[in-house]
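Quick notes on the structure that follows.
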Amino acid sequence: MPRAPGLSVRLRLTLSYAGFLMLAGVLLLAAVWFFTLRHLPAYTDVEGGVLIRSTLLSDLASAAGVVMAVLLVFGLVGGWVLAGRMLAPLTRITDVTRMATNGSLSHRIRLPGRQDEFRELADAFDTMLARLEAHVAEQRRFAANASHELRTPLAISKALLEVARTDPDHDTGEIIDRLHTVNTRAIDLTEALLLLSRAERRSFTPERVDLSLLAEEATETLLPLAEKRDVTLETYGEITPALGSPALLLQLTMNLVQNAIIHNLPRQGKVRVHTERRPRTVVLVVENTGDPIPPPVAATLTEPFQRGTERVHTDHAGVGLGLAIVRTITEAHNGTLTLTPRRPGGLRIIIELPALQARPGTAI
Ligand SMILES: Nc1ncnc2c1ncn2[C@@H]1O[C@H](COP(=O)(O)OP(=O)(O)O)[C@@H](O)[C@H]1O
Ligand SMILES: [Mg+2]
């Protein structure tokens with residue numbers, strides 16, 4: 001936004017310094033003047049002659065003029081130098097800000113010296129730059145991974161089509177089946193990406209949602225999958241009212257329960273889903289048996305396209321966005337997501353959302 005040019009802060013500070021110095025000088029001289037006028041008779045006998053008041057006053061006036069002139073020069077020069085030193089950190093902050101505006105997020109102000117207002121500003125700015133830089137790097141990684149993931153099914157389709165076109169002995173039925181699988185996967189991936197961006201936009205009207213109902217709905221829907229995989233599902237919990245998007249929170253619950261079923265033991269796996277109310281929050285816990293997960297690995301699982309230690313080659317191999325979507329939906333609801341590896345194996349995932357505060361007299 002263009003603005004009209006104004007006086008620089010350095011100049012304004014200089015003028016204020018000089019102004020205050022002049023004011024102090026004037027006050028001091030006025031006091032002397034006043035004192036002399038009040039207490040000195042017109043003629044005073046002093047050693048060696050007579051002191052005439054009017055002569056004294058005119059001497060005082062010319063001395064005052066000199067003093068004021070010296071004070072003015074002193075105030076202006078001293079003020080200019082002092083203001084320059086005071087404002088030096090601002091120049092440094094401005095330089096780094098300009099660099100950041102031009103796209104260089106790697107510079108930091110790193111203001112030396114003790115803690116003061118400028119240090120605070122510079123440190124806050126450095127923290128902001130660091131976060132921005134990490135965020136941009138994450139977005140770039142995400143775009144690269146997403147393109148890579150989208151290219152894979154396209155490349156496979158191309159190879160399959162090539163076989164169909166050039167190989168006279170090809171099995172059409174098999175090629176169609178494989179094309180179908182690959183196509184479904186590409187659609188799943190695109191839908192997951194769309195869902196992720198929808199959750200990121202936070203463009204939903206919050207409604208009252210009971211997490212325990214969502215948990216029930218998710219487990220009911222996924223029961224056939226659980227049976228097919230020899231996993232027992234257990235759901236219990238109290239009414240847990242929260243405020244949010246029912247569709248997104250259902251998606252979150254479905255992703256968690258589906259993960260808990262799929263990334264489970266090959267036989268006799270267990271999944272437990274429960275909801276509870278805490279003083280200010282509501283909690284959804286999904287835990288499952290499974291292979292042991294090292295804590296450092298658990299910490300990375302919510303990153304997009306992160307798929308644990310080994311890639312899952314099954315009919316239900318996910319696209320690697322399930323937990324990233326869960327995290328984004330949780331954040332869109334101002335909640336927290338905690339992943340804890342269980343002993344001897346498997347994972348416990350806790351979603352904590354702000355509770356819907358009941359107004360007095362309202363039933364929840
Ligand atoms: N409930 C769970 N138990 C054990 N491992 C899990 C669980 N949920 C997720 N994971 C691990 O985290 C990875 C990422 O999960 P997710 O983002 O849903 O991707 P996807 O399920 O598509 O692989 C999974 O590949 C799996 O290794
Ligand atoms: Mg998944």
Side-chain angles (χ1 to χ4, degrees), residues 1-140:
M1 191 170 47
R3 293 178 194 258
L7 282 185
S8 81
V9 174
R10 186 173 187 184
L11 188 58
R12 274 187 278 165
L13 277 178
T14 306
L15 292 180
S16 335
Y17 284 139
F20 272 113
L21 210 57
M22 299 292 284
L23 189 68
V26 167
L27 282 178
L28 204 64
L29 287 171
V32 173
W33 189 280
F34 185 67
F35 182 80
T36 319
L37 265 184
R38 285 265 307 259
H39 296 281
L40 215 64
Y43 298 95
T44 316
D45 288 325
V46 291
E47 214 176 312
V50 180
L51 182 74
I52 306 165
R53 192 175 69 179
S54 56
T55 322
L56 183 72
L57 287 182
S58 74
D59 282 358
L60 186 65
S62 50
V66 175
V67 168
M68 291 308 287
V70 170
L71 277 186
L72 181 64
V73 172
F74 190 72
L76 286 175
V77 174
W80 185 255
V81 173
L82 272 180
R85 289 190 53 177
M86 290 279 294
L87 294 176
L90 261 191
T91 322
R92 199 156 155 168
I93 295 175
T94 313
D95 287 347
V96 175
T97 316
R98 289 227 172 87
M99 284 191 242
T101 317
N102 293 332
S104 154
L105 295 176
S106 57
H107 289 88
R108 297 288 177 274
I109 302 169
R110 286 205 192 89
L111 204 61
R114 300 194 179 194
Q115 191 66 21
D116 61 12
E117 288 88 338
F118 282 125
R119 269 294 309 256
E120 256 170 54
L121 174 66
D123 289 354
F125 196 79
D126 280 349
T127 315
M128 188 189 79
L129 275 178
R131 289 191 59 175
L132 213 59
E133 193 184 14
H135 187 72
V136 169
E138 192 187 314
Q139 291 290 320
R140 290 205 179 121

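Since the model is a prediction, treat every value here as computed from it, not as a measurement.
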Quick one: closest heavy-atom pair of [X] and [Y], and the distance?
{"X": "R114", "Y": "R119", "answer": "O-CG, 2.8 Å"}
{"X": "G25", "Y": "L71", "answer": "CA-CD1, 3.8 Å"}
{"X": "G75", "Y": "Y17", "answer": "O-CB, 4.3 Å"}
{"X": "I93", "Y": "F118", "answer": "CD1-O, 4.2 Å"}

What distance separates [X] [atom1] from [Y] [atom2], expressed to the nearest 0.5 Å?
{"X": "L129", "Y": "I109", "atom1": "CG", "atom2": "CD1", "value": "6.5 Å"}
{"X": "L132", "Y": "T127", "atom1": "CG", "atom2": "OG1", "value": "12.0 Å"}
{"X": "M128", "Y": "T97", "atom1": "CE", "atom2": "OG1", "value": "7.5 Å"}
{"X": "S16", "Y": "L23", "atom1": "OG", "atom2": "CG", "value": "12.0 Å"}
{"X": "T91", "Y": "R10", "atom1": "OG1", "atom2": "CZ", "value": "8.5 Å"}
{"X": "F34", "Y": "L27", "atom1": "CZ", "atom2": "CG", "value": "13.0 Å"}

Are there over 12 heavy-atom neighbours, none belonging to [X], within less than 6.0 Å of that residue's [atom1]?
{"X": "R131", "atom1": "CZ", "answer": "no"}
{"X": "M99", "atom1": "CE", "answer": "yes"}
{"X": "E117", "atom1": "CD", "answer": "no"}

- Message: side chain to side chain contact (heavy atoms under 4.5 Å, CB included), that's the test. Do E133 and R108 meet it? Break it down for me.
- Response: CA-CA 11 Å; E133 193 184 14; R108 297 288 177 274; 2.6 Å; yes

- Begin with the C-alpha distance, continue with both residues' side-chain angles, and end with the deciding distance and a verdict on side chain to side chain contact (heavy atoms under 4.5 Å, CB included) for R110 and V96. CA-CA 10 Å; R110 286 205 192 89; V96 175; over 6 Å; no

- Task: Under the side chain to side chain contact (heavy atoms under 4.5 Å, CB included) rule, what do L13 and W80 come out as? Steps first, then yes or no, please.
- Result: CA-CA 8 Å; L13 277 178; W80 185 255; over 6 Å; no

- Task: Apply side chain to side chain contact (heavy atoms under 4.5 Å, CB included) to the pair L76 and L15, showing each step before the final yes or no.
- Result: CA-CA 7 Å; L76 286 175; L15 292 180; 4.1 Å; yes

